[in-house]
Q: 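I have a structure here, written as structure tokens, and I will follow up with some questions on it.
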Amino acid sequence: MKKLINKPEDVVVEELRGIAAAHSDLVQVFYEPNYITRADAPIKGKVALVSGGGSGHEPMHGGFVGKGMLDAACPGAVFTSPTPDQMLEATKAVNGGAGVLHIVKNYTGDIMNFEMAADLARGEGIQVEAVVTNDDVAVKDSLYTAGRRGVGVTVLLEKIAGAAAERGDSLAQVKTIAEQVNAQGRSMGMALTSCTVPQAGKPTFELGDDEMEIGIGIHGEPGRTRMKLKSAHEIVEIMATAIVDDLPYKAGDEVLAFVNGMGGTPLIELYIVYNELYNFLKGRGIQIGRNLIGSYITSLEMAGCSLTLLKLDDQLKALWDAPVKTPGMRWGA
Amino acid sequence: MKKLINKPEDVVVEELRGIAAAHSDLVQVFYEPNYITRADAPIKGKVALVSGGGSGHEPMHGGFVGKGMLDAACPGAVFTSPTPDQMLEATKAVNGGAGVLHIVKNYTGDIMNFEMAADLARGEGIQVEAVVTNDDVAVKDSLYTAGRRGVGVTVLLEKIAGAAAERGDSLAQVKTIAEQVNAQGRSMGMALTSCTVPQAGKPTFELGDDEMEIGIGIHGEPGRTRMKLKSAHEIVEIMATAIVDDLPYKAGDEVLAFVNGMGGTPLIELYIVYNELYNFLKGRGIQIGRNLIGSYITSLEMAGCSLTLLKLDDQLKALWDAPVKTPGMRWGA
Amino acid sequence: MTISRDAILDWLKTFAATINENAAYLTQLDSDIGDGDHGANMNRGMQAVLTTLPGIADKDIGSIFKTVGMKLVSTVGGASGPLYGTMFMQMGNATAGKMELTLDDWVAAMQAGYDGVVMRGKAQPGDKTMIDALAPGLNALKVERDNGASIPSALNASASAAQQGMTATIPLVARKGRASYLGERSAGHQDPGATSSCYLLETAAETWNMTS
Amino acid sequence: MTISRDAILDWLKTFAATINENAAYLTQLDSDIGDGDHGANMNRGMQAVLTTLPGIADKDIGSIFKTVGMKLVSTVGGASGPLYGTMFMQMGNATAGKMELTLDDWVAAMQAGYDGVVMRGKAQPGDKTMIDALAPGLNALKVERDNGASIPSALNASASAAQQGMTATIPLVARKGRASYLGERSAGHQDPGATSSCYLLETAAETWNMTS
Ligand SMILES: Nc1ncnc2c1ncn2[C@@H]1O[C@H](COP(=O)(O)OP(=O)(O)O)[C@@H](O)[C@H]1O
Ligand SMILES: Nc1ncnc2c1ncn2[C@@H]1O[C@H](COP(=O)(O)OP(=O)(O)O)[C@@H](O)[C@H]1O
Ligand SMILES: [Mg+2]
Ligand SMILES: [Mg+2]
Ligand SMILES: [Mg+2]
Ligand SMILES: [Mg+2]
């Protein structure tokens with residue numbers, strides 16, 4: 001295992017110390033239980049957004065705390081959803097009296113831990129709602145399974161719902177917008193290499209030199225199919241077709257196109273992928289109204305990428321463009 | 001070789017097409033010869049900044065073109081400095097009548113190609129000056145060698161000199177500030193893994209599972225020493241000591257601390273490294289006044305990091321904080 | 001014959017030791033069809049439980065179980081944290097005030113714990129989860145109890161039923177938890193949570209059959 | 001006996017073919033002590049030169065060399081682009097207007113090219129660069145010319161001197177170019193630029209000794 005770390009068991013807390021040392025102007029970091037809040041939290045009268053999940057997906061979620069995005073993030077152990085006491089403390093810390101929205105990715109652990117936290121917070125008189133992201137088209141959706149995973153749409157949702165809360169929307173309104181983003185967004189991911197969970201010490205899965213995994217999640221889980229390595233053109237064709245056909249996205253639609261690196265993928269490759277996605281969507285008459293290119297929801301050092309499309313309307317565009325000032329995403333401020 | 005690409009020989013042009021498709025609001029991309037300019041270039045009366053170098057270091061330099069930073073960037077083949085005709089065309093395209101500053105990293109090829117371009121541009125009546133970055137303390141400086149490499153300081157210089165040009169400084173003033181940044185900045189890098197040049201098809205060097213290279217450059221060159229893998233704490237100790245002792249940086253100094261990922265390093269590790277650097281500098285009485293954490297000057301998919309320190313004063317801080325709006329660095333706009 | 005409070009404490013320690021010894025194995029199972037953290041998760045939780053035990057060793061069994069459950073909830077995270085946490089908290093409710101457990105008490109505790117896991121995780125037997133070790137384990141306990149068996153024989157039957165249940169997860173296609181994302185590819189691998197749950201019942205039999 | 005314009009064109013084609021065949025080898029040498037692109041750089045440049053040749057085949061040798069030099073400058077990049085480009089441009093200056101070259105003309109061209117490389121790159125013999133193949137190659141040419149040797153014998157002497165110079169770079173510690181960053185670690189590896197420069201003189205001997 002080759003990582004820039006000290007002890008595997010200290011990875012999360014040392015990362016948090018690094019964030020605290022680097023960004024004290026934007027965020028405040030709390031320990032035991034671990035959570036990160038906006039430096040100026042709680043903001044009276046503003047709906048507060050709390051997200052969280054396992055660590056290893058940086059900058060998500062801690063890097064998205066700040067003006068115009070999240071009020072708090074709860075980092076769990078690597079790839080392990082945080083515990084209810086973290087979400088409870090974070091929820092209490094950022095509650096400004098207008099209610100708190102929990103943004104939860106659809107994983108059994110995340111759902112259960114956030115549910116327990118919400119129950120506890122409600123018990124303390126805080127109004128809590130939750131929105132669950134489940135945008136991964138690689139997973140067959142079914143009533144009898146855990147359903148689809150929440151992946152790339154989570155990043156877009158946190159930005160857009162964060163802007164809605166910032167402009168003063170009510171809890172119900174912010175929740176409605178968040179649900180709209182989830183409903184209009186779809187994603188799919190692929191891996192060229194596995195990642196290595198620090199405490200496991202070896203790669204989660206083994207891939208041949210000429211193989212790739214299609215349909216991976218963000219926790220180093222193997223995907224739906226393993227196949228021979230293909231060109232960027234073919235890879236985008238496979239993933240974008242699955243995404244576009246699922247909603248479906250139609251000619252004339254305007255979308256936000258998000259090309260995400262999994263942590264070990266250099267930007268040069270993401271631009272090559274974006275070029276392919278641009279051509280693919282052009283071929284289908286779908287227009288890219290906004291884009292995001294970079295490593296925003298990662299799986300440690302995994303090489304690979306994910307594609308996310310979000311159908312846009314004027315309101316979503318305005319909320320996307322609104323100022324945001326966080327360690328991991330910043331514009332207009 | 002596992003990369004998200006099509007043909008190795010098309011990597012650069014397809015990356016450029018991706019940039020053009022993604023950021024037409026910020027930049028304009030030209031082909032044959034290849035260069036990228038600000039969308040609003042040339043800007044009458046403003047000193048123009050032109051940089052360039054081999055591709056594979058993304059977002060540098062193309063990602064730094066835009067308001068408050070570079071006016072143009074010239075991407076060469078992967079790890080190969082661009083050719084004089086690229087710099088000449090770029091220089092002509094962004095010249096707003098107040099002169100053009102070439103920002104050149106100290107490599108034999110970059111120096112020679114930029115010199116030829118400057119001669120040609122001067123022949124066409126354009127006032128051209130050049131600043132050369134050479135901040136890599138891993139290389140022994142000597143009159144009889146090619147001297148030190150230009151690495152991390154280049155990013156900081158492009159931001160700071162870009163802000164000086166944007167506020168209306170003259171060519172001589174911008175050049176003086178750029179030279180000050182280079183003189184007050186030092187860097188060092190290390191690698192956990194090699195990178196693979198697309199057209200070479202295999203790793204530039206081989207490293208054992210328990211080995212790392214200290215003192216690497218940004219072109220996949222091997223470093224000064226190979227050693228057993230160490231903890232983040234020890235790695236930072238080695239590199240930061242070399243940097244701090246070189247200038248030297250002293251107790252009471254205020255610095256900009258830049259922790260840079262080499263392309264395949266996830267953000268979680270960079271924050272752990274930042275935490276170590278923060279503690280190291282605290283131990284020496286050096287205060288971090290500003291910071292930058294992320295993958296800004298990369299070596300394709302290499303895993304590893306570099307550290308850069310820049311001694312600050314009030315003017316440099318103000319120029320650092322000034323608005324910047326480029327694909328790869330953005331704040332205040 | 002009953003299960004004393006000390007025997008309960010011994011069991012928790014033995015379970016913690018077993019998890020610790022098998023953490024890498026549980027993580028390996030979870031790497032195959034999950035995200036490679038089940039061993040680390042359970043180990044983090046049970047090590048935290050161990051630090052809590054001295055402070056509650058003089059409490060009743062119900063309080064001990066509840067404290068264990070709360071500790072697991074606040075230290076494990078992931079899917080197993082709320083599931084094991086809820087299980088112990090419900091076992092605590094079912095044994096409130098007791099200083100020792102009869103076989104009936106243990107069956108009631110296990111039933112409450114099992115119901116808690118189902119309530120929390122909404123899995124069915126056959127979904128390839130910890131339920132697939134717990135359900136047969138609980139069932140064997142009840143059958144033995146109804147047949148008037150001794151505690152050791154009931155515990156042994158429950159442990160070996162859990163073990164069979166654990167092994168029987170191998171061919172299953174997962175319908176719950178992270179392994180469900182793999183679809184058909186989840187078949188052919190043993191479920192990590194069923195494995196740790198099997199340890200739970202095995203260590204109970206092992207510890208109490210020696211001490212009781 | 002002279003070197004005809006057609007022989008010059010043949011040489012350029014043979015040099016391009018040799019670079020193409022040995023591109024991977026040159027890149028490997030450059031990976032060891034540089035950045036692994038010398039083969040790709042030279043190949044990109046010489047392939048571009050090949051496409052230019054038909055359009056200038058009826059020009060004088062000076063114009064052909066100048067065009068080759070400019071093409072290399074605008075397509076190769078890196079260190080080798082300006083160096084090889086300058087070399088050919090200076091060779092072009094030295095042979096302006098000529099339709100064939102005597103041995104004296106070739107020596108003068110090589111001298112001009114060599115001076116251009118030194119002017120541009122400021123390297124000395126022994127710095128572990130292409131200079132270390134070119135300098136002995138040029139020197140051997142001059143010695144042969146002064147001794148009144150035939151063109152074939154002069155070319156052969158120059159090629160084998162270049163080859164010795166190339167091999168002699170192996171033990172050297174680089175003082176110029178990218179390999180200098182490696183310090184002592186650059187010793188024990190053959191310089192890629194010296195290798196491509198050796199090909200340049202070898203293919204000249206090879207081509208012209210057959211055709212002239
Ligand atoms: N809905 C559920 N009901 C019961 N058990 C479940 C459920 N979902 C997952 N599990 C159990 O949890 C185990 C995984 O635990 P763990 O790896 O610690 O959490 P995570 O899946 O969040 O990484 C699975 O092997 C399975 O036995
Ligand atoms: N200053 C110099 N003078 C002469 N030759 C040089 C000089 N610097 C480098 N070279 C030659 O250039 C070769 C490397 O060329 P290449 O790999 O194409 O460029 P780069 O080093 O920019 O990647 C070296 O092997 C060396 O022979
Ligand atoms: Mg997990
Ligand atoms: Mg090069
Ligand atoms: Mg798991
Ligand atoms: Mg090279």
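Chain A is the first sequence line, chain B the second, and so forth, proteins listed ahead of strands; every chain is numbered from 1. Predicted model, so just to flag it, every value in this text is computed and none were measured.
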Q: Name the region of A:T225, side chain, backbone, both or neither, that has any atom closer than 4.5 Å to a heavy atom of chain C.
A: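 The backbone, not the side chain.
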Q: Hey, which of C:A24, C:A23, C:G78 has the most heavy atom pairs under 4.5 Å with chain A?
A: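 Option with the greatest count: C:G78.
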Q: Can you tell me which of C:L182, C:D32, C:T27 forms the most heavy-atom pairs within a distance under 4.5 Å of chain A?
A: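 That would be C:L182.
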Q: Less than 4.5 Å apart, side chain to side chain, heavy atoms only: is that true for A:M116 and C:V73?
A: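 Yes. Closest side-chain heavy atoms under 4.5 Å.
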Q: How long is the span from the CG atom in C:D30 to the NE2 atom in A:H219, to the nearest 0.5 Å?
A: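 If I round to the nearest 0.5 Å, the distance is 11.0 Å.
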Q: Which atoms of A:N106 are under 4.5 Å from chain C, going by heavy atoms: the side chain, the backbone, both sets, or neither?
A: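 The backbone, not the side chain.
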Q: Does any backbone or side-chain atom of A:E221 lie under 4.5 Å from a heavy atom of chain C? Answer side chain, backbone, both or neither.
A: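 Its backbone and side chain both get close to chain C.
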Q: For the candidates C:R175, C:Q124, C:K122, which exhibits the highest count of non-hydrogen atom pairs separated by less than 4.5 Å from chain A?
A: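 Of the options given, most contacts go to C:R175.
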Q: Could you look at A:E206 and say if it's the side chain, the backbone, both or neither that has a heavy atom under 4.5 Å from chain C?
A: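 Looking at A:E206, nothing touches chain C.
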Q: Which atoms of C:S74 are under 4.5 Å from chain A, going by heavy atoms: the side chain, the backbone, both sets, or neither?
A: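 Contact with chain A involves both backbone and side-chain atoms of C:S74.
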Q: Might you confirm whether atom CG of C:D146 has over 12 heavy atoms from other residues, nucleotides or ligands at distances under 6.0 Å?
A: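 Above 12, so yes.
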Q: Give the member of A:G223, A:G217, A:S299 that has the highest number of heavy-atom pairs under 4.5 Å with chain C.
A: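 Most pairs with chain C among the choices: A:G223.
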Q: Take C:R120 and A:E115 through the side-chain contact (heavy atoms from CB on, under 4.5 Å) test and state the conclusion after the steps.
A: CA-CA 10 Å; C:R120 179 68 60 205; A:E115 267 175 9; 3.9 Å; yes
Q: Rounded to the nearest 0.5 Å, how far apart are OG1 of A:T83 and CE of C:M70?
A: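 Rounded to the nearest 0.5 Å, the OG1-CE separation comes out at 12.5 Å.
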Q: So what's closer than 4.5 Å to chain A heavy atoms on C:D127: side chain, backbone, both or neither?
A: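 Neither part; nothing is under 4.5 Å.
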Q: Side chain from CB out, backbone as N, CA, C, O: work out which of these in C:R185 comes under 4.5 Å of a heavy atom of chain A, or both, or neither.
A: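 Answer is side chain: those atoms of C:R185 sit under 4.5 Å from chain A.
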Q: Does any part of the side chain of C:L83, heavy atoms only, come nearer than 4.5 Å to the side chain of A:M112, both counted from C-beta?
A: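 The answer is yes, as the side chains (C-beta and beyond) meet within the 4.5 Å cut-off.
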Q: Which bit of C:T75 is near chain A, if near means a heavy-atom gap under 4.5 Å: side chain, backbone, both or neither?
A: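 Answer is backbone: N, CA, C or O of C:T75 sit under 4.5 Å from chain A.
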Q: With a 4.5 angstrom heavy-atom cut-off, is it the side chain or the backbone of A:D85 that approaches chain C, or both, or neither?
A: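 Side chain of A:D85 only, per the 4.5 Å heavy-atom cut-off to chain C.
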Q: Decide whether a cation-pi geometry holds between A:R149 and C:Y181; the criteria are a distance under 6.0 Å from NZ or CZ to the six-membered ring centre and an angle within 45° of the ring axis.
A: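 Yes.
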Q: Restricting to non-hydrogen atoms, name the atom on A:N113 and the atom on C:G77 that form the minimum distance, rounded to 0.1 Å.
A: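 For A:N113 and C:G77, the tightest heavy-atom pair comes out as ND2-C, 3.9 Å.
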Q: Against chain C, label A:F79 side chain, backbone, both or neither, depending on which of its atoms sit under 4.5 Å from a heavy atom there.
A: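 Both backbone and side chain.
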Q: Without swapping roles, check the side chain of C:N41 against the backbone of A:T80 for a donor-acceptor pair under 3.5 Å.
A: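 Not at all, since once roles are kept as given, no pair shorter than 3.5 Å links the two residues.
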Q: Taking atom CE of A:M227 as the centre, does the number of heavy atoms from other residues, nucleotides or ligands within less than 6.0 Å exceed 12?
A: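 Result for CE/A:M227: enclosed.
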Q: Between C:Q28 and chain A, with a heavy-atom cut-off of 4.5 Å, which part of the residue counts as in contact: side chain, backbone, both or neither?
A: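 For C:Q28, side-chain heavy atoms alone lie under 4.5 Å from chain A.
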